[in-house]
Amino acid sequence: MKTLIVQIKCQLGQAYQVAADIIDKVIPCHIYSISGHYDLLAVINLDDEVDPGQFVNNQLHKVPGIAETSTMIAFNAFAPGAV
């Protein structure tokens, strides 16, 4: 499993629709409204065989209303006492 953390900048007035479209039409994930340069933060879990670059370019970037994204890949999850 790969975890992508994607910051999404939306066209003005489109954040709620973009979030709904990603959840309903692209992939089930967690999406948060955030402050700052970006409007949304999506935490997306992909199966190991899915290429993150292909996913972002061929699926996520096709959602209407997205103006810009910044994608990070999380490698490890840490919890108290797990280190």
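Since we're looking at a predicted model, the values are computed, not measured. When a residue number appears, it is its place in the shown sequence, counting from 1.
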>> Tell me whether D39 contacts the main-chain N or O of A15 through its side chain, where contact means a donor paired with an acceptor under 3.5 Å.
In response: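 No, because the side chain of D39 does not come within donor-acceptor range (under 3.5 Å) of the backbone of A15.
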>> Show me the pairs that pass salt bridge (Lys or Arg N to Asp or Glu O under 4.0 Å) and involve residues 12-21, at least two apart or across chains.
In response: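 Applying salt bridge (Lys or Arg N to Asp or Glu O under 4.0 Å) to every pair that reaches into residues 12-21, excluding sequence neighbours, yields D21-K25.
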> How long is the gap from OG on S70 to CG on L41, to the nearest 0.5 Å?
Replying inline: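 Answer rounded to 0.5 Å: 10.0 Å.
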>> Is any side-chain heavy atom of I31 closer than 4.5 Å to one of I8?
In response: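 No; the side chains remain at least 4.5 Å from each other.
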> Heavy atoms, side chains only, cut-off 4.5 Å: are L40 and S33 in contact?
Replying inline: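 Answer yes - side chains close enough.
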>> Show every side chain to side chain donor-acceptor pair (under 3.5 Å) that has at least one partner inside residues 2-12, sequence neighbours left out.
In response: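 Matches after skipping sequence neighbours: T3-N45.
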Hydrophobic cluster membership, with links at side-chain heavy-atom distances under 4.5 Å among I/L/V/M/F/W/Y: are [X] and [Y] in one?
{"X": "Y16", "Y": "I23", "answer": "no"}
{"X": "V26", "Y": "L4", "answer": "yes"}
{"X": "I44", "Y": "F75", "answer": "yes"}
{"X": "V43", "Y": "Y38", "answer": "yes"}

> Of all residues at least two apart in sequence or in a different chain, which pass the side-chain hydrogen bond (donor to acceptor under 3.5 Å, both in side chains) check with H37?
Replying inline: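 For H37, the residues satisfying side-chain hydrogen bond (donor to acceptor under 3.5 Å, both in side chains) (neighbours in sequence not counted) are E68.
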>> Clusters formed by hydrophobic residues whose side-chain heavy atoms approach within less than 4.5 Å: which one holds M1, and what are its other members?
In response: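 Traced through the cluster, M1 reaches no other member.
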> For L12, which fellow cluster members are found when Ile, Leu, Val, Met, Phe, Trp and Tyr are connected by side-chain heavy-atom distances below 4.5 angstrom, either directly or through intermediates?
Replying inline: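 Listed partners: none, L12 stands alone.
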Under 3.5 Å, sequence neighbours excluded: what are the donor-acceptor pairs made by side chains of residues 50-65?
residue	atom	partner	partner atom	Å
D51	OD2	G53	N	3.0
D51	OD2	Q54	N	2.7
Q54	OE1	N58	ND2	2.6
N57	ND2	G53	O	2.9
N58	ND2	Q54	O	3.4
H61	NE2	T69	OG1	2.9

